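What follows is one structure encoded as structure tokens, with my remarks underneath.
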Amino acid sequence: MKLAVIGCGYVGLVSGSCLAEAGHDVVATDNDASRIATLQAGKIPIYEPNLDKVLEAVVREGRLRFTADCAEAVRGADIIFICVGTPPTESGAADLSAIDNVARLIAKESRSPKLVIEKSTVPAQTGEQLKRALQVYARDAGAKFRVASNPEFLREGTAVEDFFHPDRIVIGVEDKESEQQLREVYRPILEGKFRCPVHQPDCPPAATPDFVVTTIASAELIKHASNSFLALKISYANVLADLCERLGGNVDEVTRAVGLDPRIGGQFLKAGLGFGGFCLPKDVQAFIKLADSAGIDFGLLKETERVNKQRVDQLLDKVKKALWVMKEKQIGVLGIAFKPNTDDIRLAPAVEVIRRLLAEGAVVRATDPEAMTRARLALPSVHYSADPYEIARGADALLLLTEWEQYRRLDWKQIRVEMARALVIDARNMLRPAEMKALGFEYISFGRPDQVGVTVMQ
Ligand code: UDX
């Protein structure tokens, strides 16, 4: 099938590459000409595990190509995926101007029937607006449009695997033909026959995902509802951590047992520094706004957001309580990305923590396996090193802010030797309190007993 992907950000690049790997003929485009030039030169502007392997293979085999000419991409395709950004406006609502621009461009350039699919996260009713814009701006009598919604549930860091092995594929359609076309697009994945090249040879066959067909408005809502529910679970776990600190429980034990109930599920119940990134925070905010505009007060999500914003304050309180005076204290930071396996620092809690430490006069040294290039631009007054032991050298405190697996395996005995004061504040509950104490650390985390800084009510 001939597909065009408009927008070469995370969603567009992963979707475009994987759809090509699934056997389609894909042209990807973006209005950022320098991004396209980078991609045409064989470089990937983001860090996403396994994307390089898939992309290199499909470009080499001629199934994916990049063009800065959006009009050409539109004209050659039967199916167009809109994957442009929908960043938050000042008010927190989604900015849909990029979708609007693309809609007008598709309308103007199309000479034949097209199925136009919104893949960007958009508020309910965007499909209606998209349909109207396509009709109003159409120039050619041959240009007939059908609109569909196909939200993506890719997680940064595992996006390629998520694409090939989704739990569900959701499509919002208005007619049988669109449904059939989308079934065909996803057939290799739906049939579970598809073996992606990132698979290990002993990888078990993929389970067949559910193919969920809904109205366009439902599909749009499903995306917001999914992300907001994940955020809600995280904030719930974080309040449980606060309670454990006051009442003497261990949040890891509590959430593990709670999550064993299949009606609840154990994922996204990890307490710590809270959720960040460019999806969860903005999607929660946009969903609150959308509900407000529909006359519904989504207080549950407002509280989710409030709890999340407080996590950074709570961490800072722990740091201040332990260090007393912050000015000129040497603080080492392990992890800047909003989560492991990505170089993305957008709305990363670690960035906010570092800003606040610097504002208090602390001297901050930081490391991250992938995010240092981006961090250098956002936080130029931080001293960076790729070596965690150098970050620990002479530090009054070491803050673990992103749970990269390699930090678990550090030689913590050696880290202790390097530090001026053996104080570790683990904002991701990654390390074991008993082991850290046995190594001679003052160890602080969230909602776990046997640590400095925890008040247990008598
Ligand atoms: C999210 C959704 O998971 C994905 O389905 C959607 O397509 C895009 O948004 P992503 O932004 O990549 O994906 O991050 P995710 O893995 O969901 O993590 C979000 C944040 O929550 C991270 O900052 C992570 O550290 C935090 N988190 C996650 C917790 O604090 N506790 C948890 O238990 C899980």
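First listed ligand is number 1; within each ligand, the first listed atom is number 1. Quantities reported herein were computed from a predicted structural model and do not represent experimental measurements.
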Practice prompt. Is it possible for you to check whether Arg432 lies under 6.0 Å from the centre of the six-membered ring of Tyr443, through NZ or CZ, and within 45° of that ring's axis?
Written response: no
Here the atoms of ligand 1 under 4.0 Å from any heavy atom belonging to Phe268 are 15 (P), 16 (O), 17 (O), 28 (C), 32 (C), 33 (O), 34 (C)
_Any heavy atom of Gln267 closer to ligand 1 than 4.0 angstrom?_
no
Ligand 1 to Leu269, heavy atom cutoff 4.0 Å, flagged ligand atoms 33 (O)
Correct closest heavy-atom pair for Asn50 and Lys53 would be OD1-NZ, 3.0 Å
re atom 19 (C) of ligand 1, the protein heavy-atom contact at minimum distance is Leu280 CD2, 3.7 Å
Quick one: do Lys223 and Glu152 make a salt bridge, cutoff under 4.0 Å?
yes
Closest to atom 27 (N) of ligand 1 among protein heavy atoms sits Ile234 CD1, 3.4 Å
The atoms of ligand 1 lying under 4.0 Å from a heavy atom of Lys223, numbered in the order shown, are 6 (C), 7 (O)
among protein heavy atoms, the one nearest atom 21 (O) of ligand 1 is Phe275 CB, 3.2 Å
task: Count the heavy atoms of every other residue, nucleotide or ligand shown that sit under 6.0 Å from CD of Gln310, and state whether that count exceeds 12.
output: yes
Practice problem: May I ask whether Gly272 places a heavy atom under 4.0 Å from ligand 1? | Solution: no
Requested in this report: Can you establish whether the number of heavy atoms outside Gln267 located under 6.0 Å from its atom CD is more than 12?
Outcome: no
the protein heavy atom lying closest to atom 7 (O) of ligand 1 turns out to be Leu154 O, 2.7 Å
| Parallel, tilted or perpendicular: rings of His224 and Phe287 (30°, 60°) | parallel
CZ of Phe153: more than 12 outside heavy atoms within 6.0 angstrom? yes
Ligand 1 atoms nearer than 4.0 angstrom to some heavy atom of Asn227 are 2 (C), 4 (C), 5 (O), 6 (C), 8 (C), 9 (O)
Looking at Lys339, Lys233, Lys282, the heavy atom closest to atom 16 (O) of ligand 1 belongs to Lys339
Cation over ring, Lys318 on Phe446, under 6.0 Å and within 45°?
yes
If we number the atoms of ligand 1 from 1 as shown, the ones under 4.0 Å from a heavy atom of Glu156 are 12 (O)
message = Strictly below 4.0 Å, N to O, side chains only: are Asp344 and Arg374 in salt-bridge contact?
response = no
Heavy-atom proximity to atom 11 (O) of ligand 1 ranks first, among Gly157, Gly274, Cys279, Ala231, for Cys279
Atoms of ligand 1 under 4.0 Å from any heavy atom of Arg155, numbered from 1 in the order shown, are 3 (O), 4 (C), 12 (O), 13 (O)
Requested in this report: Look only at interatomic distance and state if Leu230 has a nitrogen or oxygen under 3.5 Å from any nitrogen or oxygen of ligand 1.
Outcome: no
the protein heavy atom lying closest to atom 33 (O) of ligand 1 turns out to be Lys270 N, 2.8 Å
With under 30° as parallel and over 60° as perpendicular, where do the rings of Trp412 and Phe441 fit, or are they tilted in between?
perpendicular
When distances are taken from atom 5 (O) of ligand 1, the protein heavy atom at minimum range is Phe153 O, 2.9 Å
Of Asp368, Asn341, Thr367, the one forming a side-chain hydrogen bond (donor to acceptor under 3.5 Å, both in side chains) with Trp404 is Asp368
